[in-house]
Amino acid sequence: MKIVFATNNAHKLDEVRQVVGEEFEIVSLRECGIVEDIPENEPTLEGNALAKARYIYERTGMNCFADDTGLEVDALGGEPGVRSARYATDGHDDEANKRLLLERLQGEEMRSAQFRTAVALIMDGKEYLFEGIVRGEIALEQHGEGGFGYDPLFFPEGGELTFAQMSSEEKNAISHRGRAVRKLAEFLQKIE
Ligand code: ITT
């Protein structure tokens with residue numbers, strides 16, 4: 001089965017292809033000829049994931065899914081949440097975002113947080129949502145070179161390595177996106 005993953009983030013594409021395996025052919029936006037940034041102006045992760053999937057479905061008519069992910073920090077009342085990509089600036093400035101997060105948490109002892117992913121699927125015109133959450137702690141400084149985004153600052157619960165210190169297989173096994181995408185894959189297998 002061919003299915004479009006509505007993302008411009010190459011790291012996400014790799015992670016999702018790894019989780020879903022060979023059974024489904026995950027088509028990237030570039031492979032569909034879509035190069036523009038898809039608007040993400042909704043107030044929730046679910047809203048943004050649906051908006052991205054609808055944008056692609058309306059243009060290609062192909063079955064597709066999108067994810068929106070946020071880092072929800074307890075001491076910051078769930079921030080940056082849906083604004084995770086644009087936390088420090090209007091653009092996707094990962095370094096500025098991580099710096100701002102560390103600044104806001106300076107001196108804070110409660111460092112618990114979660115990554116939450118909402119995946120929206122549009123299949124034959126019907127819409128479905130899947131969620132994946134991983135709890136953890138925000139580090140005092142960056143550790144590791146792997147992954148992307150806030151990964152060097154996130155220790156998933158029960159471990160001593162940040163996501164950026166793990167292989168992508170290790171991250172996928174426990175991550176927010178891994179969990180949400182496994183639910184998606186199980187759903188697709190049932191209806192195939
Ligand atoms: P899309 O094209 O799929 O929208 P994006 O990079 O804009 O790609 P999101 O809006 O879902 O992705 O991401 C919101 C922010 O959270 C952004 O700063 C990402 O770097 C970060 N992020 C998303 N998934 C992450 C992960 O698995 N680990 C660390 N940071 C992540």
Side-chain angles (χ1 to χ4, degrees), residues 4-19 26-32 34-56 64-73 76 78-102 113-121 129-139 142-156 161-182 184:
V4 180
F5 181 21
T7 184
N8 285 308
N9 181 324
H11 295 280
K12 284 187 180 179
L13 196 61
D14 287 346
E15 285 185 6
V16 165
R17 282 193 167 133
Q18 211 170 57
V19 172
I26 308 285
V27 182
S28 71
L29 287 183
R30 191 173 304 166
E31 285 159 343
C32 300
I34 293 175
V35 289
E36 68 267 28
D37 259 349
I38 308 173
E40 293 182 50
N41 300 321
E42 300 301 319
T44 61
L45 297 175
E46 287 76 8
N48 275 335
L50 271 171
K52 287 191 261 187
R54 284 177 188 148
Y55 185 98
I56 298 308
C64 62
F65 66 97
D67 102 7
D68 198 29
T69 293
L71 178 60
E72 301 173 335
V73 180
L76 302 177
E79 290 263 294
V82 72
R83 299 191 311 116
S84 294
R86 288 155 282 127
Y87 192 34
T89 68
D90 268 351
H92 275 67
D93 187 338
D94 283 348
E95 289 309 316
N97 287 339
K98 286 181 284 186
R99 263 200 314 274
L100 181 61
L101 179 63
L102 287 179
Q114 62 184 24
F115 269 119
R116 193 164 75 83
T117 290
V119 168
L121 165 72
L129 281 169
F130 305 89
E131 186 187 56
I133 292 178
V134 59
R135 298 280 307 162
E137 300 270 328
I138 304 299
Q142 300 197 45
H143 301 275
E145 307 289 330
F148 68 100
Y150 296 90
D151 279 345
L153 289 179
F154 189 81
F155 286 110
L161 300 179
T162 66
F163 273 155
Q165 293 173 300
M166 295 180 180
S167 66
S168 56
E169 288 85 358
E170 288 168 327
K171 178 184 172 189
N172 267 332
I174 54 171
S175 79
H176 45 300
R177 186 168 303 99
R179 286 176 177 162
V181 171
R182 275 191 291 278
L184 166 77

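Both counts, for ligands and for their atoms, begin at 1 and track the order of listing. From a predicted model like this one, the values you see are computed outputs, not experimental measurements.
Closest of all the heavy-atom pairs between Ala53 and Ala120 is CB-O, 3.9 Å.
Take Tyr87 and apply the ring pair (Phe, Tyr, Trp, His ring centres under 6.0 Å) test, not counting sequence neighbours, and it matches no residue. Taking His92 as the reference, nothing meets the ring pair (Phe, Tyr, Trp, His ring centres under 6.0 Å) condition, with sequence neighbours excluded.
For Glu145, the CD atom counts as loosely surrounded, since its 6.0 Å shell holds 12 or fewer non-hydrogen atoms of other residues, nucleotides or ligands.
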At less than 3.5 Å, what protein N or O atoms come close to the N or O atoms of ligand 1? Include the distances to 0.1 Å.
from	atom 1	to	atom 2	distance (Å)
ligand 1	2 (O)	Thr7	OG1	3.3
ligand 1	2 (O)	Asn8	N	2.8
ligand 1	3 (O)	Thr7	OG1	2.6
ligand 1	3 (O)	Lys12	NZ	2.8
ligand 1	3 (O)	Lys52	NZ	3.4
ligand 1	4 (O)	Glu40	OE2	2.7
ligand 1	4 (O)	Lys52	NZ	2.7
ligand 1	6 (O)	Asn9	ND2	3.0
ligand 1	7 (O)	His92	NE2	2.6
ligand 1	8 (O)	Lys12	NZ	3.4
ligand 1	10 (O)	Glu40	OE1	3.3
ligand 1	10 (O)	Asp68	OD1	3.1
ligand 1	11 (O)	Lys12	NZ	2.7
ligand 1	11 (O)	Asp68	OD1	3.2
ligand 1	11 (O)	Thr69	N	3.0
ligand 1	12 (O)	Lys12	NZ	2.9
ligand 1	24 (N)	Arg177	NH2	2.7
ligand 1	27 (O)	Lys171	NZ	2.8
ligand 1	27 (O)	His176	NE2	2.8
ligand 1	27 (O)	Arg177	NH1	3.1
ligand 1	28 (N)	Asp151	OD1	2.6
ligand 1	28 (N)	Lys171	NZ	3.4
ligand 1	30 (N)	Tyr150	N	3.1

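For the side-chain contact (heavy atoms from CB on, under 4.5 Å) with Thr117, the qualifying choice from Glu131, Lys12, Arg177 is Arg177, the only one to do so.
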Using atom types as modelled, flag every donor-acceptor pair under 3.5 Å from a side chain in residues 37-47 to any protein atom, sequence neighbours excluded.
from	atom 1	to	atom 2	distance (Å)
Asp37	OD1	Asn8	ND2	3.4
Thr44	OG1	Gly47	N	2.9
Glu46	OE2	Arg116	NH1	2.7

